[in-house]
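Here it is: the structure, laid out below.
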Amino acid sequence: MKKGVFMSGLAAAMAAILLAGCGSGAANGTESTVDSNRKDSAESSDELYVYNWGEYIDESVITQFEEETGIRVIYDLFETNEEMYPIIEAGAVTYDVVCPSDYMIQKMVENDMLAEVNFDNVPNIDQIDPAYMEMSTAFDPENKYSVPYCWGTVGILYNTKRLEELGVAPPTKWADLWDERLSGEILMQDSVRDAFMVALKKDGFSMNTSATNELEQAKQALIDQKPLVQAYVIDQVRDKMIGGEAAVGVIYSGEMLYIQEEVANLGLDYTLEYVLPTEGTNLWLDCWVIPKNAKNKENAEKWMDFLCRPEIAKANFEYITYPTPNKGAFDLLDEELQNNKSVFPDTGSLVNCEVFRYLGDDVDRVYNDFWKEVKSN
């Protein structure tokens, strides 16, 4: 499942290098181990080493790719962009294709870590809606390095019944998460960039600001909000909200299909609704990229092309439930899904939305230091 944006320190990065892959499952269900021997073993042209988020592909798709191409997929998992990055940077482990998020792709491009995609080998790129290719230019200006895979938004999930009991109107903006009547009823993302995004957008600032005064204001807003917050969490937002444990929570849009199905299956006497705050929000995009040291670049491009096939992208969407940028796959969905605005919002509702950008190590340190102050205050 796609996780929130974390900013990890050197110790975490080193731990990631040492431990990555220890608990990751390969596509065939066996445990896969990351080690330096991979550099030699990846020489074979009938192999493909894939590094992806957990629960971020339909495993039957992997099997189908192997059967069609004769290429054996070795599949490892990461939990955060910051766990993935030092693995690729160190180069001791050779992956052929990786699925980072927007701002991390920008960082990898700027640090010369990616190979250009030969799009002659990815003809199905024409199935990606041009809107998402345009969105990609925020972090891959010439669309040379990345192939869009999933996208989504961050918004507010709310419990209609609990809000009614509290006498609070449904939220429409980030500022509503500072309503004192919601004390103990708010779930915030335990993620520095996402948390600061909420506070920055509330005050009309860019979520990519590097201005110290704006970040200071956002930090103080988060400190002021902290007594109202029940918990800072990631994936637990979904289950806590389904369980009726909170009135509102900051959540990724890709959770909404699962949430809607669970509410219906459990026969709950309340509904959980999703809203995009009027001040704007994070519009994120995950893409496939090829590390510069990949041993099987053409196999990676075959993988990209395969995943861009509409029927394959549709199968992945139905498994992952995060929105697909594949217009062919979207056209294959039933009308009810196409019209589900929690999953596929109208472009008109994406006013003031931004894609996270990599701001440089110095600015990252400012965000991290301020987040530590928020958490320890």
I would like to know whether K295 and D96 meet salt bridge (Lys or Arg N to Asp or Glu O under 4.0 Å); could you show each step before the answer?
CA-CA 6 Å; K295 301 296 184 182; D96 299 310; over 6 Å; no
| request: Check whether the side chains of Y49 and D76 place a donor and an acceptor atom closer than 3.5 Å, and report yes or no. | output: no
Y85 meets the ring-ring contact (aromatic ring centres under 6.0 Å, His included) criterion, sequence neighbours left out, with none
Taken in chain and number order and not counting sequence neighbours, the residues that satisfy salt bridge (charged side-chain N to carboxylate O under 4.0 Å, His left out) with E245 are K240
The side-chain contact (heavy atoms from CB on, under 4.5 Å) partners of T271 (sequence neighbours excluded) come to T160, E273
inquiry  = Do K375 and Y232 form a cation-pi contact, if we require the NZ or CZ to be under 6.0 Å from the six-membered ring centre and within 45 degrees of the ring's axis?
reply    = yes
Contacts of N316 meeting side-chain contact (heavy atoms from CB on, under 4.5 Å) (sequence neighbours excluded), chain-then-number -> I57, D58, V61, Y149, L307, I312, I320
By side-chain contact (heavy atoms from CB on, under 4.5 Å), E68 pairs with (sequence neighbours left out) Q64, F306, R309
- Task: Report the relative orientation of the aromatic rings in F65 and W303; use parallel for angles under 30°, tilted for 30 to 60°, perpendicular for over 60°.
- Result: perpendicular
Exercise. Is a side-chain donor-acceptor pair under 3.5 Å present for N143 with E134?
Worked result: no
Residue pair Y95 / N293, side-chain donor-acceptor N/O under 3.5 Å: no
One should read off an interatomic distance between L257 CG and E261 CD, to the nearest 0.5 angstrom, of 6.0 Å
Notebook entry, point to check: Sub-3.5 Å donor-acceptor pair from the side chain of R181 to the main-chain atoms of G167, do we have one?
Noted result: yes
Q) Should E298 and K302 count as an ion pair when the cut-off is N to O under 4.0 Å? A) no
A cation-pi test, strictly: NZ or CZ of R357 under 6.0 Å from the centre of the six-membered ring of F139 and no more than 45 degrees from its axis. Yes or no? no
Those residues at least two apart in sequence (or on a different chain) that pass salt bridge (charged side-chain N to carboxylate O under 4.0 Å, His left out) with K297 are E301
When every non-hydrogen atom of N159 is compared with those of G244, the smallest separation belongs to ND2-CA, 4.2 Å
Q. Going by atom types alone, do T153 and Y274 pair a side-chain donor with an acceptor below 3.5 Å?
A. yes
Residues passing the side-chain contact (heavy atoms from CB on, under 4.5 Å) test with V366, sequence neighbours excluded, are L215, F370
Heavy-atom nearest pair, A329 first then A313, reads CB-CB, 3.6 Å
Return yes when atom CD of E373 has more than 12 non-hydrogen atoms of other residues, nucleotides or ligands closer than 6.0 Å, and no otherwise.
-> yes
- Item | Flag, side chain of T281 to backbone of V154, donor-acceptor distance under 3.5 Å | yes
All heavy atoms of V355 vs all of M207, minimum pair found to be C-CE, 3.4 Å
Item checked: Electrostatic pair E216-K219, nearest N-O below 4.0 angstrom -> yes
Q) Judged by atom type as modelled, is there a donor-acceptor pair below 3.5 Å linking the side chain of D305 to the main-chain atoms of N124? A) yes
Practice item. Give the cluster check for L285 versus V351: same hydrophobic cluster or not, with ILVMFWY residues linked at side-chain heavy-atom distances below 4.5 Å. Key: no
Looking only at heavy atoms, the pair that brings G184 and Q230 closest together is O-NE2, 3.0 Å
**Q.** Beyond-backbone contact of I234 with Q236, side-chain heavy atoms, under 4.5 angstrom
**A.** yes
For D334, the salt bridge (charged side-chain N to carboxylate O under 4.0 Å, His left out) test, sequence neighbours excluded, returns none
K226 meets the salt bridge (charged side-chain N to carboxylate O under 4.0 Å, His left out) criterion, sequence neighbours left out, with none
D129 meets the side chain to side chain donor-acceptor pair (under 3.5 Å) criterion, sequence neighbours left out, with none
Those residues at least two apart in sequence (or on a different chain) that pass ring-ring contact (aromatic ring centres under 6.0 Å, His included) with Y358 are none
Report task. Would you check if there is a donor-acceptor pair between the side chains of R193 and N208 at a distance under 3.5 Å? Result -> yes
Rounded to the nearest 0.5 Å, the CG atom of N111 sits from the NZ atom of K107 at a distance of 7.0 Å
- prompt: For E83, does its backbone N or O pair with a side-chain atom of T80 as donor and acceptor, under 3.5 Å?
  reply: yes
> Does the side-chain contact (heavy atoms from CB on, under 4.5 Å) test come out yes or no for M241 and L187, once each step is laid out?
Replying inline: CA-CA 9 Å; M241 291 296 293; L187 300 173; 4.1 Å; yes
Measure from NZ or CZ of R162 to the centre of the six-membered ring of Y270 and say whether it is under 6.0 Å with the direction within 45° of the ring axis. no
Here the gap from K144 atom NZ to S136 atom OG, rounded to the nearest 0.5 Å, amounts to 14.5 Å
### Query
Is the side chain of N299 donor-acceptor paired with the backbone N or O of E47 at a distance under 3.5 Å, no angle test?
yes
Legend entry - Aromatic ring pairing F78/W53, orientation class (parallel under 30°, perpendicular over 60°, tilted between): tilted
Just say parallel, tilted or perpendicular for the rings of W371 and F196, cut-offs at 30° and 60°. perpendicular
May I have the list of side-chain donor-acceptor pairs in residues 168-177 shorter than 3.5 Å, sequence neighbours left out?
| unit_1 | atom_1 | unit_2 | atom_2 | d |
| --- | --- | --- | --- | --- |
| K173 | NZ | D176 | OD1 | 2.9 |
| W174 | NE1 | G280 | O | 2.8 |
| D176 | OD2 | T172 | N | 2.8 |
| D176 | OD2 | K173 | N | 3.2 |

Do D102 side-chain atoms and W284 backbone N/O form a donor-acceptor pair below 3.5 Å? no
Inset, instruction - For the pair E354 and K201, evaluate salt bridge (Lys or Arg N to Asp or Glu O under 4.0 Å) and give the outcome as yes or no after the intermediate values. - result: CA-CA 10 Å; E354 298 178 80; K201 283 295 190 182; 2.7 Å; yes
